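Contents: one structure, followed by commentary.
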Amino acid sequence: MKRPSLSIRTRLTLWYSGVLLAILVTISVLSYSWLRFGLLQDLDASLLTVAQVVKDTGAQARGARDQEAMLRELLGPELYDKFFQLLDPEGRPRAAPAPPRAGALPLSPGARARAARGQNTFETVGLVGAEPVRVLTMPIVRDGRVVEIVQVGMLLRRARATLDRYVDTLTVLIPLGVGLAALGGAIIARIALRPLDRMTRTARRISAEDLSERVERPRTGDELDRLAETMNDMLARLEQAYAQSRRGTAATAHELRTPLDAL
């Protein structure tokens, strides 16, 4: 059994909706990546500021606890989402970390190697029993050699919450946008193909006994207008050929009628 084919209107709507969905998904993925990159850039800038404060106040503080108190006084509530610790050039903690926010941050081999060369390192690490943390490892260089290593970290909770809300928003907006676009595309396709429906109804009414009727031209200058013009030209040729055929048939009948009458 032959399956019924989809109408042009339906196919146009499906194609339009599919293309729009692909575009929206691509834009959403790119915008998500850009937002994530921007949030990480903001976190890195904040970490760099805090590390610079730690570096500048290190000579004034007697230990990690004193340094935490001084940073809390300087930075205010913002410090509550941050971690820090001071390390010697070999990567060993200068003093016992002050719990809980100055918890021991891991020093990766790559960050340690870059610190030995006097370079900063940004990385995302996972602490045991805690959320992922964005960590900056900054060497303190004096007289051309590394005398200390500062590590500052920040929880990724806010950034991940922002990304999750963005994903939730996209999950609602993309299907809604595609649905509205499909509805609008169906309406537009129906309006655009309405002249074709009129031409179809006119063509069905035309028969061999009456070939004088012509399809209505939409006069839009597009493909439908050219189709109507082509159909009218074809009908004119058919009418002329049919008229000639009828005249020939009438002449033949007249020629045959005289011998038949004589017989």
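Since the model is a prediction, treat every value here as computed from it, not as a measurement.
- The closest side-chain heavy-atom distance from Ser28 to Ile174 is below 4.5 Å.
- Atoms CG and OG1, on Asn120 and Thr137 in that order, are 8.5 Å from each other to the nearest 0.5 Å.
- In this structure, the separation between CG on Leu43 and CG on Leu156 is 6.0 Å, given to the nearest 0.5 Å.
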Going through the checks in order, is the side chain to side chain contact (heavy atoms under 4.5 Å, CB included) test met by Leu107 and Gln151? CA-CA 8 Å; Leu107 180 62; Gln151 278 194 303; 3.8 Å; yes
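- By the neighbour-count criterion of 12 heavy atoms within 6.0 Å, atom CZ of Arg117 is densely surrounded, having more than that number from other residues, nucleotides or ligands.
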Step-by-step side chain to side chain contact (heavy atoms under 4.5 Å, CB included) determination, Leu163 to Leu35: CA-CA 8 Å; Leu163 291 175; Leu35 177 61; 3.9 Å; yes
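- The side-chain contact (heavy atoms from CB on, under 4.5 Å) check on Thr230 picks up nothing, with sequence neighbours excluded.
- Both Leu87 and Val141 belong to a single network of hydrophobic side chains, linked directly or stepwise wherever heavy atoms of I, L, V, M, F, W or Y lie under 4.5 Å apart.
- Tested against Ile23, the residues Thr26, Val25, Ile27 include a single side-chain contact (heavy atoms from CB on, under 4.5 Å) partner, Ile27.
- Asp42 CG to Leu47 CG: the interatomic distance, rounded to the nearest 0.5 Å, is 11.0 Å.
- Hydrophobic clustering (side-chain heavy atoms under 4.5 Å, transitive across Ile, Leu, Val, Met, Phe, Trp, Tyr) keeps Leu12 apart from Tyr16.
- Interatomic distance, Ile140 CD1 to Gln52 CD, rounded to the nearest 0.5 Å: 9.0 Å.
- Taking 4.5 Å as the limit, every side-chain heavy atom of Met138 sits out of range of all side-chain heavy atoms of Val152.
- The environment of CZ in Arg114 is crowded: more than 12 heavy-atom neighbours from other residues, nucleotides or ligands sit within 6.0 Å.
- Residue Pro139 comes nearest to Val146 through the heavy atom pair CB-CG1, 4.1 Å, listed as atom of the first residue, atom of the second, then distance.
- Side-chain contact between Leu39 and Arg36 is absent, with no heavy-atom pair separated by less than 4.5 Å.
- Of the inter-residue distances, the one linking Ile187 atom CD1 with Arg190 atom CZ reads 8.0 Å to the nearest 0.5 angstrom.
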